[in-house]
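Below: the structure, in structure tokens.
For clarity, every value in this text was computed on a predicted model and none was experimentally measured.
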Amino acid sequence: MKTKDLTFIALGAAIISAVSLLPQLQLVGPVPITLQMLAIMTVSAILGAKRGGLAVLIFLLLAAAGLPLLGGKGGLAPFVGPTVGYLIAFPIAGFFIGLVAEKTRRFLPLFIGMLVFGLGLVYLLGTLGLMIVLQLSFMDALVINIPFIIGDLLKALIATTIAVRLLPLRLFRMA
Ligand SMILES: O=C(O)CCCC[C@@H]1SC[C@@H]2NC(=O)N[C@@H]21
């Protein structure tokens, strides 16, 4: 990996971290509405699988190291809390969204990739985390995701729109 790639990974992690500092909306239940997935989907699509996944991983390491990036909290507590499944899903989703973006720059396939990995996979692992930490049934944990769907669809739409405009410029291609 070249210096240029490392710079983009650091930049990606910084963007995701900056967005994660924005206030979260705790409507009902244990999981907040956040803009994290908007940043993760956009950065990963632009940087590709390896660099996107690593950028998300560094963001999580910064949070684990104590930066208040997860609802104003940092340290290890969020990684054993109700949202742990979402946190585990973030870099995996980033990797696969990046992989899809490496294969296509067309809007529809990339948008579908965002839906499958940015929503589907994140909700699935998030649900499993909720089941384990809060001792809920699969259905009780799954319904906790319902309030996020419209907002997350919008985030996927925005991330795809940004990515399909930036990818053809080849600004961020691998060094
Ligand atoms: O800060 C955390 O501890 C992680 C919060 C995870 C929030 C999830 S991500 C997918 C879904 N969409 C949202 O806006 N919130 C949840």
Side-chain angles (χ1 to χ4, degrees), residues 12-13 15-45 49 52-53 55-64 67-101 104 107-164:
I15 291 171
I16 298 167
S17 301
V19 170
S20 297
L21 284 171
L22 297 172
Q24 301 187 338
L25 202 62
Q26 195 92 37
L27 276 187
V28 280
V31 186
I33 293 179
T34 81
L35 288 175
Q36 287 159 329
M37 279 315 297
L38 173 62
I40 290 171
M41 290 191 282
T42 309
V43 164
S44 305
V56 183
L57 216 50
I58 289 172
F59 151 69
L60 291 178
L61 286 175
L62 292 173
L67 292 189
L69 301 175
L70 304 171
K73 284 183 241 131
L76 295 181
F79 294 89
V80 289
T83 60
V84 60
Y86 298 95
L87 299 177
I88 292 172
F90 284 172
I92 306 172
F95 178 86
F96 283 108
I97 288 168
L99 200 61
V100 175
T104 179
F107 187 93
L108 194 60
L110 186 53
F111 182 63
I112 291 171
M114 301 246 184
L115 296 188
V116 172
F117 299 110
L119 275 74
L121 181 76
V122 171
Y123 290 176
L124 179 64
L125 296 192
T127 298
L128 295 179
L130 288 165
M131 282 173 69
I132 294 166
V133 176
L134 300 179
Q135 305 275 299
L136 297 174
S137 70
F138 180 74
M139 281 318 284
D140 284 348
L142 188 66
V143 295
I144 290 176
N145 293 288
I146 291 173
F148 308 130
I149 296 174
I150 292 178
D152 286 345
L153 281 174
L154 209 61
K155 291 170 209 165
L157 207 64
I158 295 169
T160 310
T161 306
I162 295 172
V164 294

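- Within the structure, salt bridge (Lys or Arg N to Asp or Glu O under 4.0 Å) contacts touching residues 26-41 (residues at least two apart or in different chains) do not occur.
- Listed by chain and residue number, Gln36 satisfy the side-chain hydrogen bond (donor to acceptor under 3.5 Å, both in side chains) test with Thr34 (two or more places apart in sequence, or in another chain).
- For the pair Met114 and Ala156, the tightest heavy-atom approach, listed with the atom from each and the gap, is CB-CB, 3.9 Å.
- Partners of Thr160 under the side-chain hydrogen bond (donor to acceptor under 3.5 Å, both in side chains) rule, at least two apart in sequence or in another chain, do not exist in this structure.
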Please tabulate, for the side chains in residues 22-32, all donor-acceptor contacts under 3.5 angstrom to protein atoms that are two or more places apart in sequence or on a different chain.
unit_1	atom_1	unit_2	atom_2	d
Gln26	NE2	Gly29	O	3.1
Gln26	NE2	Pro30	O	3.3

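- A salt bridge (Lys or Arg N to Asp or Glu O under 4.0 Å) check over residues 144-155, counting only residues at least two apart or in different chains, returns the pairs Asp152-Lys155.
- For Ile146, the side-chain contact (heavy atoms from CB on, under 4.5 Å) partners at least two apart in sequence or on another chain are Val143.
- Residues satisfying the side-chain contact (heavy atoms from CB on, under 4.5 Å) criterion with Ala89, sequence neighbours excluded, are Val122, Leu125.
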Could you go through Leu154 and Ile150, starting from their C-alpha distance and side-chain angles, then the distance that decides it, and tell me whether this counts as side-chain contact (heavy atoms from CB on, under 4.5 Å)? CA-CA 6 Å; Leu154 209 61; Ile150 292 178; 5.8 Å; no
Check residues 128-139 and write down every donor-acceptor pair under 3.5 Å in which the side-chain atom is one partner and the other belongs to a residue at least two apart or another chain.
unit_1	atom_1	unit_2	atom_2	d
Gln135	NE2	Ile132	O	3.3
Ser137	OG	Asp140	N	3.1
Ser137	OG	Asp140	OD2	3.4

Leu119 and Leu153: side-chain contact (heavy atoms from CB on, under 4.5 Å), yes or no, with the steps? CA-CA 8 Å; Leu119 275 74; Leu153 281 174; 4.1 Å; yes
Show your working on side-chain contact (heavy atoms from CB on, under 4.5 Å) between Val84 and Val80 and close with a plain yes or no. CA-CA 6 Å; Val84 60; Val80 289; over 6 Å; no
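- Leu61 CG to Leu69 CG: the interatomic distance, rounded to the nearest 0.5 Å, is 11.0 Å.
- Among all heavy-atom pairs drawn from Ala163 and Ala45, the shortest one is CB-CB, 3.7 Å.
- In this structure, Leu21 places its CG atom where more than 12 heavy-atom neighbours from other residues, nucleotides or ligands lie under 6.0 Å away.
- If you take CG on Leu115 and CD1 on Ile97, they are separated by 9.5 Å, rounding to the nearest 0.5 Å.
- Applying the salt bridge (Lys or Arg N to Asp or Glu O under 4.0 Å) rule to pairs touching residues 73-100 yields nothing, sequence neighbours excluded.
- Applying the ring pair (Phe, Tyr, Trp, His ring centres under 6.0 Å) test to residues at least two apart or on different chains, the pairs with a partner in residues 109-137 are Phe96-Phe117, Phe107-Phe111.
- For Leu87, the side-chain contact (heavy atoms from CB on, under 4.5 Å) test picks out Leu60, Leu70, Pro78, Phe79, Thr83, Phe90, with sequence neighbours left out.
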